[in-house]
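Read through the structure below, which is laid out as structure tokens, and then see the notes.
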Amino acid sequence: MRRLTPYLLALPSWMWLAIFLVVPMVAMASVSLQTGNAIDGFAMTFSFSNYGDAIGRYSTQLVRSLLYGGMATVAMLVIGYPVAYWIAFKGGRRKSVYLFLILLPFFVSFVLRTISWNFLLADNGILFGTLKGWGLLADDFHVLATTFAVVGGLTYNFLPFMILPIYVSLERVDPRVVEAAQDLYATRAAAFRRVVLPLSLPGVFAGVLMTFVPATADPINAAILGGTSNTMIGNIIQTEYLTNLNYPTASALSFTLMAVLLVGIFVYARALGTDNVLEAAAR
Amino acid sequence: MSARGTRLGDKLLHVYTWLVIVWLSSPIAVMILFGFNDKKSKSNTTWQGFTLRWYGELFDISDLTVALRNSLVIAAVSTIVTVVIGTMLGLALGRHRFRGKGVTNFLIFAAISTPELVMGASLLSLFVSGNVPRDANTIIIAHVLFSLSFVVVTVRARVVTLDPSLEEAAKDLGATAWGTFRQVTLPSILPGVMAGAMLSFALSIDDYVVTSFVNGSTITFPLWIVGAVKTGIPPQVNVMGTLIFGIGVLIAIGNAVAARRRI
């Protein structure tokens, strides 16, 4: 009985993950190789041409998604690192208060937050409308429906996921190590570059992993902030699945997106010298 | 120059951190503010005066109320299922050695790192292939799936810090396996279980992407909001958002205060 305990404990989750994570992936792989339409039905034809067609037709959106996701990730890193640094080293007794304030947006629904952000950026909304009223902005000034709005929205929405892991790794850095470097005549900048920064890389790695994938695949920001000329791959997959009922193309696109992201993660892990992605992600 | 430069740098960083915090909170301020907007036309995008009207007419849009209720019920049910099976797996992973542990860890990692969009799409592929009708049940299935790993990871983290000798002592004193679990193990892992439950509830009630694939004709709160973007978001949405925000913040502060007392 005792030997059976772990298996009995794991069984329900195993079944859930097998039936609803593994089997659906197989189902999606199978659908991506079928041809047909929603009215006459789909038949398995092992037509890999779905992939070629889908990528050919939507390469613009695919490339754009990777670009926007990448730009937002870099922006989050640049904006978030100093915040994490300051809270970890100078936050003092108020550290948890600052972290709480960073996490505050998560108490509001993601969708609602994006819509409020849209309110804020609206052409004649409370921010730009007021500035225009004061004559501080040209009347035709607008931010919504631009690349800047979408990348800005992604940066805004996922920023806490970048700040937290970097904070966690910086928090572990013993300040005495930095002092030691300075005692050895390292300038402040050199101590940061050669001691603090390398020690925080696992946090940077985790932060990039936690933000790049969801930002690239997110359909909400582009739908609410992007207008018609900034559609991302997430919007296409949603439309193909839910509106056009074009399941084979949509499945092929989903797989392509996942494959591209996985390859990206592994290349990135190699470049950063993290041999074991699983291990880095588990930290 | 070094010391003064350092202090100036720290000050600048301090101000900068506050600027980022203000930026992160600004949409929340807008949401709260526009819940009090006395709008006359259909759109709720310009400030037209203060009113408490929408708090009184909170449940006047019946399909919005239904959507909110659906979200709460789905979040409650999927949280209960997730916490029960996730705690079991967390215990197994944190305490026991067994075959398939590596594969399980990999599955947990895969479930966390699969983009939501792909998870939703693959579930839809399964349901379409199997002719499964989509409704609240398929939403619950999906929500348990994406919350499960987070509960497992949180509970496992708590389990590995436990001293196994406590459980052995309970057994030596004649407690049954179930008695040991209920009186020793569960109380000590409870903070992890509660954190997992809150996380799972929050993930469920907030989800748009996965839900949009598996909902059929069932509408949840986030789905309703996205659907209403084109026609204009009514102030009731802002009021509901404000109330959910307030309750969430109060619970979090209450938890933090309670945790401090215990220490």
Side-chain angles (χ1 to χ4, degrees), chain A residues 5-7 9-10 12-14 16-17 20-21 23-25 27-28 30-31 79 82-83 85-87 90 98 101-102 104-105 107-113 115-117 119-120 122 124-126 129 159 188 213-214 217 219-220 224 234 237-238 241-242 247 250-251 254 257-258 261 278 281, chain B residues 2 6 10 13-14 16-17 20-21 24-28 30-31 34 45-47 85-86 88-89 91-92 96 98 104 107 109-111 113-118 121-126 128-129 141 144-145 148 152 202 206 208-209 212-213 221-222 225-226 229 233 237 241 245 248-249 252:
Chain A
T5 310
Y7 299 100
L9 286 173
S13 293
W14 274 347
W16 210 281
L17 291 169
F20 300 120
L21 186 71
V23 174
M25 287 293 169
M28 195 163 81
S30 136
V31 171
I79 296 172
V83 173
Y85 178 90
W86 191 83
I87 299 177
K90 309 286 171 187
Y98 285 108
L101 291 173
I102 297 288
L104 215 51
F107 288 95
V108 173
S109 161
F110 185 98
V111 168
L112 204 45
R113 238 184 299 147
I115 287 171
S116 292
W117 189 234
F119 268 32
L120 205 63
N124 289 307
I126 45 171
L159 183 60
R188 210 175 179 233
V213 173
I220 299 177
I224 294 176
I237 292 177
Q238 258 191 334
Y241 257 114
L242 303 173
Y247 300 126
S251 307
S254 306
L257 174 67
M258 201 166 66
L261 290 176
L278 283 175
Chain B
S2 173
T6 306
D10 286 346
L13 272 181
H14 190 178
Y16 172 81
T17 300
V20 171
I21 288 172
L24 284 173
S25 320
S26 55
I28 303 175
V30 171
M31 174 191 78
F34 277 80
T45 50
T46 54
W47 181 250
I85 71 175
M88 289 165 68
L89 184 57
L91 276 169
H96 299 273
F98 58 97
T104 312
L107 277 178
F109 173 72
S113 57
T114 307
E116 276 194 54
L117 190 81
V118 175
S122 68
L123 277 169
L124 180 59
S125 302
L126 173 77
V128 168
S129 307
I141 286 173
V144 172
L145 178 66
L148 184 59
V152 172
D206 196 25
Y208 166 79
V209 177
S212 73
F213 283 95
F221 189 57
I225 302 174
V226 172
V229 167
I233 302 292
V237 168
F245 172 74
V249 169

Contacting region of [X] [heavy-atom separation from chain A under 4.5 Å]:
| X | result |
| --- | --- |
| B:Ile225 | both |
| B:Ser129 | side chain |
| B:Phe34 | side chain |
| B:Leu117 | side chain |
| B:Leu148 | side chain |
| B:Val128 | side chain |
| B:Val20 | side chain |
| B:Ile233 | side chain |
| B:Ala111 | both |

Contacts of A:Ser109 meeting side-chain hydrogen bond (donor to acceptor under 3.5 Å, both in side chains) (sequence neighbours excluded), chain-then-number -> B:Asp206
Hits for side-chain hydrogen bond (donor to acceptor under 3.5 Å, both in side chains) against A:Ser30, two or more places apart or cross-chain, chain-then-number order -> A:Gln34
Winner by heavy-atom pair count (cut-off under 4.5 Å) against chain A, out of [options]:
| options | result |
| --- | --- |
| B:Val229, B:Leu91, B:Val30 | B:Val30 |
| B:Leu124, B:Thr114, B:Val226 | B:Leu124 |
| B:Val152, B:Leu107, B:Val144 | B:Val144 |
| B:Val249, B:Ile141, B:Val118 | B:Ile141 |

With rounding to the nearest 0.5 angstrom, report the [atom1] to [atom2] distance, [X] to [Y].
| X | Y | atom1 | atom2 | result |
| --- | --- | --- | --- | --- |
| A:Ile87 | B:Ile21 | CD1 | CD1 | 6.0 Å |
| B:Leu123 | A:Met28 | CG | CE | 10.0 Å |
| A:Leu9 | B:Leu89 | CG | CG | 8.5 Å |
| A:Ser254 | A:Gln238 | OG | CD | 10.5 Å |
| A:Leu17 | B:Ile85 | CG | CD1 | 7.5 Å |

Test item: B:Tyr208 and A:Phe110 side chains (from C-beta on) under 4.5 Å apart, heavy atoms
no
Check your understanding: So do the side chains of A:Leu112 and B:Met31 get within less than 4.5 Å of each other, counting heavy atoms only?
Key -> yes
Side chain, backbone, both or neither: which part of [X] has a non-hydrogen atom closer than 4.5 Å to chain B?
| X | result |
| --- | --- |
| A:Leu104 | both |
| A:Leu159 | side chain |
| A:Leu257 | side chain |
| A:Ser13 | both |
| A:Ala10 | both |
| A:Pro105 | both |
| A:Leu21 | both |

message: Can a donor-acceptor pair be found, under 3.5 Å and without considering hydrogens, that links the side chain of A:Tyr241 to the backbone of B:Ala121?
response: yes
- Item | Heavy-atom donor-acceptor pair, B:Ser125 side chain to A:Pro24 backbone, under 3.5 Å | no
Scored by heavy-atom pairs under 4.5 Å with chain B, the best of A:Ile224, A:Val31, A:Leu261, A:Ile220 is A:Ile220
Looking only at A:Trp117, A:Phe119, A:Tyr247, A:Trp16, most heavy-atom pairs under 4.5 Å shared with chain B are made by A:Trp16
What one should report as the nearest heavy-atom pair of A:Tyr98 and B:Thr17 is CD2-CG2, 4.4 Å
Heavy atoms of B:Pro115 and A:Ala217 approach each other most closely as CB-CB, 3.8 Å
